[in-house]
Asks: 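Right, I'll just put the structure down here and ask away after.
Protein chains get the first letters and strands the later ones, always in sequence-line order, with residue 1 at the start of each.
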There are 2 protein chains.
Amino acid sequence: MATIKDVARAAGVSTATVSAVINDSAYVSAELRARVLAAVRDLNYAPSLAARNLKRGRSQLIALVVADLANPFFSRVVWAAEAAVAAWGYSLLIFNSDEKPELERRILARVRTLSCDGVILVPVGDSTEHLQNDPDGKPIPTVLFGRTVADDRSDTVTIDNISAGRQATEYLLDLGHTRLGTITGPLHVTTGRGRLDGMLAAMRSRGLTLESRYIRSGEFREDAAYSVARSLLEQPARPTALYVASGLMALGVMRAVADLGLRCPGDISIASTDTIPGIGGLRPRLTRTEHPLVDMTNEAVRLLVDQIRRGGPVERRNVVFQPSLVVGDSCAPVVMQPGTPPSSSGSGQ
Amino acid sequence: MATIKDVARAAGVSTATVSAVINDSAYVSAELRARVLAAVRDLNYAPSLAARNLKRGRSQLIALVVADLANPFFSRVVWAAEAAVAAWGYSLLIFNSDEKPELERRILARVRTLSCDGVILVPVGDSTEHLQNDPDGKPIPTVLFGRTVADDRSDTVTIDNISAGRQATEYLLDLGHTRLGTITGPLHVTTGRGRLDGMLAAMRSRGLTLESRYIRSGEFREDAAYSVARSLLEQPARPTALYVASGLMALGVMRAVADLGLRCPGDISIASTDTIPGIGGLRPRLTRTEHPLVDMTNEAVRLLVDQIRRGGPVERRNVVFQPSLVVGDSCAPVVMQPGTPPSSSGSGQ
DNA sequence: AAAACTTAGCTAATCGATTAGCTGGGTTCG
DNA sequence: CGAACCCAGCTAATCGATTAGCTAAGTTTT
């Protein structure tokens, strides 16, 4: 492939002149400019971003590190992020930390050696000190997405997780449910913790408590949610409704319900935070609190590009989006549920 | 951030010695090696891949260019590809050509300036000449995924699209359906064309024809499939079964069925190629022919890494995977369908 | 003992861009 | 007319790695 020297030779000018034409960074006479552009075209010249990166210290790469790339929620974040970074002139590198803090560390080390201009991180560990611990240089521009970490000083873009849990729970309580269960995310991450806290707050405000035997963690995974939901629902006095902390786990819970021969919402009402998009033609349609995911992703990219341009964060910015309740047909009033009277030890299958 | 010169100075050796230790590329005495590693640790040194790329001509980046990143099929390809390239020591750049040939061209130009070591491409145009037309250099190592292009000389990894269409159609014909419709992909791409051809072949082998009024293209999009399915199903003599050429379009078709107040499979049977994973808990469960998507992606990455290591394709390799039929509950024998006798002009809603 | 060989570590050229500072010719000012 | 200034285009240093070839000291062979 042609280099800038080849173009310079073909056009009969210096490499500085070719660079000035390509970058429009200095005056070049019309005659010389035309010769350079003709040579660029004839030689099909494309500059090497490695060389440019080495000289300018900019890679034009943004890294997106998600917690679980098998989760359709994060797939949609990838889709939104690719479009957003492309609009700003960047390319997107994708990494999957798969909910493993040690893998996250190795990925972030890789991001540094790739000289990414910035990183959007869904943190899976408790700390991002490895982003900060650069003894002789400034940390890489970073935005935390969806989840936060206590010791971090990066910009953050999140949803109000407490509100997400609370709104879904209130919907179930408004339908008359009093014996609720929940399938949570991992409670050491802010999304898992916050949504449970929101549920607890909603119940507490009505003088209700959430029994610990009705709390299981599905670790934000479909298969884990399936397993814990089965065991929860197989209890003699099962709950009449479940709040599920993610859309992916909601699918696992649905699969457990189906496999136990239960009907939703006939036998069990289910509300969740988020769902899989595009499945409105399938039954039941989940009642859920939803993230404004595209807005969140665009905002994360905007904050990151701003940090890159300013050379790092000036002050920490925490942008919190509000979830919205979307009513489907996966919940019914408690009175409509035969087979398991609220106060009896039922024999549900 | 520390450079190799800083490490060399701290360890009291030359940069060549540091490089030899880091890369284990030449003998270095145990004493010097220990000094270098201590300095690397103390300075938190990470090599610059831009500099390394400039010298070695390798970026350790693989680009994945998909046709529609909003399509969950391609999201799963991203998930599988990220894991596969990471296992080979590469990082994954994601690009979305959004079914636009001109955007594909610009993306591939970008891939060249980023000096990607290779590219996996779901082609959306009719030609990949812009991958080949590098007047003075070898083309970038490329594997075409899912779709092929007539003039290309790259390795390809595909599914047997004809078999995919045929198997799903035969399932419907075996249930007694004779008036079939289809929602196709774009017919200028091999996946759209091949699946329709498979359907036509299955029907022809039973002396049946597919009426042109029952053929609509959903362009592999959920919303387009929704629209064309509605208009197809609103016809007075609607088909008793539909073959839908992608999982994403099948969701759009389901949504149209629901909105028209029809029941699946009570009023209309639906079979597809592929579906969204993880929705087995929702009804109806699609009967479909499935891609072995993870195997296909792993094979594409394996072929690409092999090309990179050999310095380009030696001979063209076309790996064709076979689809498999997975039976759900979205299809019923034709006799069970009240409300629309096969030969009458029905008044279906 | 001298010549030939071996080898650990070093020097410096190179990859392909960018850009600070230089240069020669032209213009303006005193 | 000479000094001072201007400016389009050029030269070459630089970014941070890698590595070919060099060097000096030690070992082996004649």
Asks: Check for a donor-acceptor pair, side chain of B:Asn53 on one end and backbone N or O of A:Ala50 on the other, with a separation under 3.5 Å.
Replies: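 Not a single qualifying donor-acceptor pair exists.
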
Asks: Can you measure from NZ (A:Lys5) to OG1 (A:Thr3) and round to the nearest 0.5 angstrom?
Replies: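 One finds 6.5 Å between NZ of A:Lys5 and OG1 of A:Thr3.
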
Asks: Among A:Leu303, A:Asp295, A:Thr297, A:Val320, which residue meets the side-chain contact (heavy atoms from CB on, under 4.5 Å) test with A:Val157?
Replies: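 For A:Val157, the side-chain contact (heavy atoms from CB on, under 4.5 Å) test succeeds with only one of A:Leu303, A:Asp295, A:Thr297, A:Val320, which is A:Leu303.
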
Asks: Scan nucleotides 8-20 of chain D nucleotide by nucleotide, 5' to 3', and note B when protein non-hydrogen atoms come under 4.0 Å of the base, S if they reach only the sugar-phosphate, - if neither.
Replies: SSBBB-BBBSBB-

Asks: So, A:Asp68 side chain and A:Asp98 main chain: donor-acceptor pair closer than 3.5 Å or not?
Replies: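 No, A:Asp68 side chain to A:Asp98 backbone: no donor-acceptor pair under 3.5 Å.
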
Asks: Looking just at side-chain N and O atoms, do B:Arg110 and A:Ser91 make a donor-acceptor pair shorter than 3.5 Å?
Replies: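 Indeed, the side chains of B:Arg110 and A:Ser91 share at least one donor-acceptor pair under 3.5 Å.
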
Asks: For B:Ser115, does its backbone N or O pair with a side-chain atom of B:Ser59 as donor and acceptor, under 3.5 Å?
Replies: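 Yes.
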
Asks: Consider side chain to side chain donor-acceptor pair (under 3.5 Å). Of A:Thr17, A:Asn23, A:Thr15, which one does A:Ser19 pass it with?
Replies: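 Going through the options one by one, the only one that passes is A:Asn23.
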
Asks: Note down the inter-axis angle between the two ends of the helix from C:dA1-D:dT30 to C:dG30-D:dC1, five pairs each, to the nearest 10°.
Replies: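 Helix axis angle between the two ends: 60°.
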
